[in-house]
Amino acid sequence: MTKRVIVTGGSGLAGKWVVQNLVEHGYEVMNLDRAPMAARTARTLITDITDAGQVFNALASSTAPGEFADDLEPKPIDAIVHFAAIPRIMITPDNEVYRINVMGTYNILDAASKLGIRKVIVASSETTYGMVFAHRDRSPEYFPLDEEYPVNPMDSYATSKVVNEVTAKAFHTRTGSDIYCFRIGNVLEPDDYAKFPAWLKDPALRKRIAWSYIDGRDLANACRLAIEKDGLGFQVMNVAADDVSSDVPTAELLRRYYPGVPVRKQLGEFETLLSNEKLKRLLGWKQQHYWRDEAKNIVQ
Ligand SMILES: NC(=O)c1ccc[n+]([C@@H]2O[C@H](COP(=O)([O-])OP(=O)(O)OC[C@H]3O[C@@H](n4cnc5c(N)ncnc54)[C@H](O)[C@@H]3O)[C@@H](O)[C@H]2O)c1
């Protein structure tokens with residue numbers, strides 16, 4: 001069984017759920033991040049992923065939990081979950097979003113390939129579909145958004161994620177390693193369910209993300225299943241909940257907010273517009289955290 005995993009960005013919103021999940025399932029986890037973890041679920045090696053020297057060194061380092069562990073000799077890494085990134089536009093200048101995300105991912109994949117690490121899960125994004133950070137309201141070519149969609153975003157963040165998918169495919173072609181890119185929907189943590197009253201009141205607030213959501217704990221499960229599922233080669237998979245984050249039925253959301261966009265399949269009453277069929281089919285993933293259950297004590 002795969003045992004030693006490096007998570008990048010494990011100090012962030014989504015990555016910390018991945019670290020926690022893996023530790024709870026018996027993995028030896030080391031976090032690479034430029035900031036420490038708030039909860040020290042695993043050891044963090046402070047690393048700047050845009051510096052190739054640091055990345056190569058870090059991936060060849062011991063994942064032991066601390067400097068007084070019984071065995072400090074570096075051991076081979078079985079898998080990497082790569083989440084470190086600038087997670088949206090307007091945090092840093094556009095060129096920095098692009099540089100950090102693209103070079104950070106190149107360095108991780110390059111080092112993994114040269115050090116013989118045969119499994120990498122890469123955080124991509126639903127923004128690749130091009131609506132989320134578009135200059136103005138933009139409609140997709142069709143719904144539901146699936147992995148076959150001809151992605152063509154205009155912003156620096158989503159473009160960096162498209163480039164990362166291309167880079168991932170190139171490294172897979174070079175090495176034959178398993179590299180799975182997750183197009184992740186809007187990640188929610190337990191505290192975020194308190195925002196639902198406002199979101200339900202005004203469905204337009206979540207139009208650009210096509211009402212997607214994914215609980216951080218369900219995302220973490222998807223990462224663990226991906227680590228445990230070998231042999232899929234290069235894959236892109238949406239990671240999203242089964243349902244829309246709205247109490248308005250999906251067909252009505254489409255009628256109100258995306259009139260005229262072709263709908264390619266018969267949708268269930270509240271079915272997601274970010275298709276998760278591939279994730280379920282390839283990894284056997286099942287959603288455990290639905291907003292209706294999580295928010296029931298908050299939403300009247
Ligand atoms: N949060 C979402 O809704 C969402 C949706 C889709 C995709 N994603 C992707 O998921 C991943 C995690 O996102 P998040 O929301 O947890 O973001 P976050 O900002 O909370 O976490 C990102 C982490 O990366 C680290 N980091 C940034 N630059 C770094 C560098 N140069 N070297 C080392 N570490 C660096 C940060 O310190 C941070 O801890 C990102 O790749 C993001 O693009 C997030």
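Quick note: residue numbers are just sequence positions, from 1. This one's a predicted model, so the numbers in the text were calculated from it and none came from an experiment. Quick note: numbers below take in every heavy atom, side chains included, and nothing from hydrogens, waters or symmetry partners. Start at 1 and go down the list; that is how both ligands and their atoms are numbered.
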Salt bridge (charged side-chain N to carboxylate O under 4.0 Å, His left out) partners of K169, counting only residues at least two apart:
none

Can you pull the residues with any heavy atom under 4.0 Å from ligand 1?
G9, S11, G12, L13, A14, D33, R34, T47, D48, I49, T50, F83, A84, A85, P87, I100, A123, S124, S125, Y157, K161, I184, G185, N186, V187

So the salt bridge (charged side-chain N to carboxylate O under 4.0 Å, His left out) pairs with at least one residue in residues 108-135 (sequence neighbours excluded) are D110-K114, K119-D230

Between the side chains of Y213 and D243, does any donor sit under 3.5 Å from an acceptor?
yes

Does anything in residues 244-253 form a salt bridge (charged side-chain N to carboxylate O under 4.0 Å, His left out)? List the pairs, not counting sequence neighbours.
E252-R255, E252-R256

Does CZ belonging to R138 count more than 12 external heavy atoms closer than 6.0 Å?
yes

Any chance the rings of Y257 and W211 have centres within less than 6.0 Å?
yes

